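Structure record follows, encoded as structure tokens.
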There are 2 protein chains.
Amino acid sequence: MVQIPKTPAPASSAPRSVPTSADVARLAGVSRATVSYVLNNTGAVRISEPTRRRVHEAARELGYVPHAAARSLRAGHSRTVLMPAPAFPVGPLYSRFIGELQWALGRLDYTVVQYGTTGPHGDEAARAWAELRPVAVLVPGSLGPRGVEILRRSGARAVVTFGPEPVEGAHALLMDHETVGHRAARHLHDRGRRRIGVVMPEEDGLEVFSAPRLEGARRAVDGTDATVTGLPLAYEERSAARLAARWRSLGLDAVFAYNDEYAMLLMRALQDEGVAVPAETALIGADDLMLGRLLRPRLSTVRLELPSGRDLAALVDRAVHDPGATPERHEVLGATVVHRESS
Amino acid sequence: MVQIPKTPAPASSAPRSVPTSADVARLAGVSRATVSYVLNNTGAVRISEPTRRRVHEAARELGYVPHAAARSLRAGHSRTVLMPAPAFPVGPLYSRFIGELQWALGRLDYTVVQYGTTGPHGDEAARAWAELRPVAVLVPGSLGPRGVEILRRSGARAVVTFGPEPVEGAHALLMDHETVGHRAARHLHDRGRRRIGVVMPEEDGLEVFSAPRLEGARRAVDGTDATVTGLPLAYEERSAARLAARWRSLGLDAVFAYNDEYAMLLMRALQDEGVAVPAETALIGADDLMLGRLLRPRLSTVRLELPSGRDLAALVDRAVHDPGATPERHEVLGATVVHRESS
DNA sequence: TTGAAAGCGTTACCAG
DNA sequence: CTGGTAACGCTTTCAA
């Protein structure tokens, strides 16, 4: 573990106070109003060129930077889009989506702010977010209807949730993870498999996804002679080895491994145990990560597709312009089976 | 500049204006000051219990949430720690570090805000950050000295950079990636290898890390009879296949693959080409990801250790309390070789 | 073309 | 114990 030593605090030097628009005005020999006009390029008022120059000069010299809080206080609104950091461990897919979204919202002149979700959950968290008076809030995962109400009452013109369930009063980008499990199980069933295992990660924060996926798998084989069995698995070699050791006693001929990473973990363990993939047990993952293509046999997978950041940005912008509109519901999680060699 | 047309704002349902502390005061039949005292639990003043109740009641009824901007305007400072989103693609290591850091800063009562780094870079970006008047700024990657100056002038009591090079006026958590390459190359050299390749990812934003790693590898074999060769490689199977196809013509007997993911990519390609690992070519990655342990042969790697989020949070807190102190410099990137089977 | 002044929501100081 | 009042930095209306 890398240690950063703690040093004692010596006497601090007096910090030069931060320059305000009044300071700029003083230095330029004009009024604060003029400074504001010049720096914001206000169209309605025309300021003489020499004055403009003096103001810009003064601002540069002082290193003046406007105070966002003061500005939005006066304006009565901000262009801050707040997005709580997700509670679940994020993969490359989601990271890319977030990046795209931030970029797109930036183009629309919003300031995207990710709020570090440290302590409280539920309404408590919503209140903390509301203090920042964001114009819109994008919530990965879910949120109670009371949370939505708190945010709206505090001036948020759009609340968008991004999870499995719609919430009263908020726009919803629905990610139906049941479909993922459904697709996987149906694929395995189509390939002639009948006793299907579904990996359930033991890691925290993943039940939100794994439970619906299991449910979807169940639904897929409903009314057939096939069975679906949940298989708890921690993301460690030992856990996988234990599962593999009792594999034959489980009598499964296929497994949906939650995602590609768990699939890789399990595939190794099964192969080490002498279980042939796919001959003895078919295996399918999800996410279509690069690593699946690199395994031998190449891993079948369910490719997930998140909406484009641009589309979500557009939704936000629309909602901000028309806060009263009825909440939109969009099914956004594309799920398609990519058949390779492991199934 | 790309313009996305803004939809015209239709008549929105009249939004009930957001309640202020004045509204609470009115409803509770007290003054705004009293509301403030009650809601902030000010110790110096004691308010009668019935009054307290009335105030709380009124606040709850109105759904009152304090306005952070107004508060910090009045207070003259905030407890916002601003962290621009990193420009490079982040791995699980870094994500975990960020999460830890946010948690730790939360414990110290800071509000962590990740700023979506959309458009401008350099001083322009620093100005945008400065508008939020954060009490501290944590910059992943680098920043010009002028950027630091802008932030300090705008009241940031601590600026911490988190990258390969120290910046004048800012605290620095130095991540010396030369060491990573050095350790890897020395390990390979110790194992008797003499013609060492170093994978250079072609993906954007990674040169910051790959260049020093190559340099470190060079340094490690400096003055010996060994050679070091840079190997451009994109993170795609085809690119890896092309590299593998001309592998024997390169005459290398070892390769440091930048990280475990590139290592896995290259290992597959080499094996498909009939190149034995480690017999013909030794292979070592970096990051010590789970996937390395799952490969056959198991992947040797350079384990990286970032500082604990708690330590960095402590550094921030110290710096905030003592803005005048001379900037701290800490070497924080632990790099140790984990020898497995691929080398 | 420029300046004075009001007000956004809070809190701290000081009278009552 | 409680309540008026001023001030934080900025924008904008109105007046000169």
Side-chain angles (χ1 to χ4, degrees), chain A residues 17-55 58-59 62-80 127 130-135 153-155, chain B residues 17-55 58-59 62-80 127 130-135 153-155:
Chain A
S17 71
V18 325
T20 74
S21 76
D23 295 322
V24 177
R26 213 164 6 247
L27 182 57
V30 299
S31 75
R32 282 165 36 244
T34 307
V35 171
S36 178
Y37 289 145
V38 172
L39 263 32
N40 295 317
N41 259 320
T42 305
V45 197
R46 275 209 294 273
I47 307 286
S48 69
E49 200 46 50
T51 307
R52 303 182 82 83
R53 249 205 308 281
R54 280 217 313 285
V55 170
L62 292 175
Y64 170 73
V65 175
H67 192 309
R71 175 178 291 177
S72 74
L73 185 59
R74 164 69 223 217
H77 64 263
S78 73
R79 289 192 66 84
T80 300
R127 231 179 310 268
E131 291 195 2
L132 300 183
R133 296 291 192 273
V135 68
R153 290 265 278 249
S154 76
Chain B
S17 70
V18 309
T20 73
S21 74
D23 295 322
V24 177
R26 216 168 357 254
L27 182 57
V30 299
S31 74
R32 287 173 16 253
T34 305
V35 171
S36 177
Y37 289 145
V38 171
L39 263 33
N40 296 316
N41 259 319
T42 306
V45 200
R46 275 208 295 271
I47 308 285
S48 71
E49 199 48 49
T51 307
R52 303 183 82 84
R53 249 206 308 279
R54 280 217 314 284
V55 169
L62 292 174
Y64 169 73
V65 175
H67 193 309
R71 175 177 289 175
S72 74
L73 184 59
R74 164 67 223 215
H77 60 87
S78 73
R79 288 192 66 84
T80 300
R127 232 179 309 269
E131 290 195 3
L132 300 183
R133 297 289 193 273
V135 67
R153 291 266 277 249
S154 77

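No hydrogens, no waters, no symmetry mates; every other heavy atom, side chains included, goes into these values. In this text the structure is predicted, and so the values were computed from the model without any measurement. The chains referred to below are lettered A, B, ... by the order of the sequence lines, with proteins before strands, and numbering in each begins at 1.
- At the heavy-atom level, B:Ser48 lies under 4.0 Å from the strands shown only through sugar-phosphate atoms.
- The base of D:dC10 lies outside donor-acceptor range of the side chain of A:Tyr37, with no N or O pair under 3.5 Å.
- The CG atom of B:Asn41 sits 15 Å away from the C1' atom of C:dT11 (whole-angstrom rounding).
- With hydrogens and angles ignored, a donor-acceptor pair under 3.5 angstrom links the side chain of A:Arg74 to the base of D:dT11.
- For DNA chain D, the neighbouring residues in residues 22-33 of chain B, judged by any heavy atom under 4.0 Å, are B:Val30, B:Ser31, B:Arg32, B:Ala33.
- For the pairing with A:Tyr37, the side-chain contact (heavy atoms from CB on, under 4.5 Å) check across A:Val55, A:Val30, A:Ile47 returns one residue only, A:Ile47.
- Of the listed nucleotides (C:dG3, D:dC10, C:dG9), C:dG9 has the atom at the smallest distance from the side chain of B:His67.
- Counting non-hydrogen atoms under 4.0 angstrom, B:Thr51 reaches the backbone sugars and phosphates but no base.
- With a 3.5 Å limit on both pairing distances and Watson-Crick or G-U wobble geometry required, the stems of 3 or more pairs in DNA chain D span C:1-16 with D:1-16.
- At the heavy-atom level, A:Ser21 lies under 4.0 Å from the strands shown only through sugar-phosphate atoms.
- For the pair B:Ala70 and A:Asn40, both in contact range of DNA chain D, the more 5′-proximal nearest nucleotide belongs to B:Ala70.
- With hydrogens and angles disregarded, no donor-acceptor distance shorter than 3.5 Å links the side chain of B:Ser21 to the backbone of B:Ser36.
- Nucleotide C:dT10 holds its P atom 9 Å from the CG atom of A:Leu73, rounded to whole Å.
- A donor-acceptor contact under 3.5 Å is not formed by the side chain of B:Tyr64 with the base of C:dT10.
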Considering only distance and modelled atom types, tabulate donor-acceptor pairs under 3.5 Å from the side chains of residues 63-72 of chain B, sequence neighbours left out.
residue : atom : partner : partner atom : Å
B:His67 : ND1  : B:Ala69 : N            : 3.2
B:His67 : ND1  : B:Ala70 : N            : 3.3
B:Ser72 : OG   : B:Ala69 : O            : 3.4

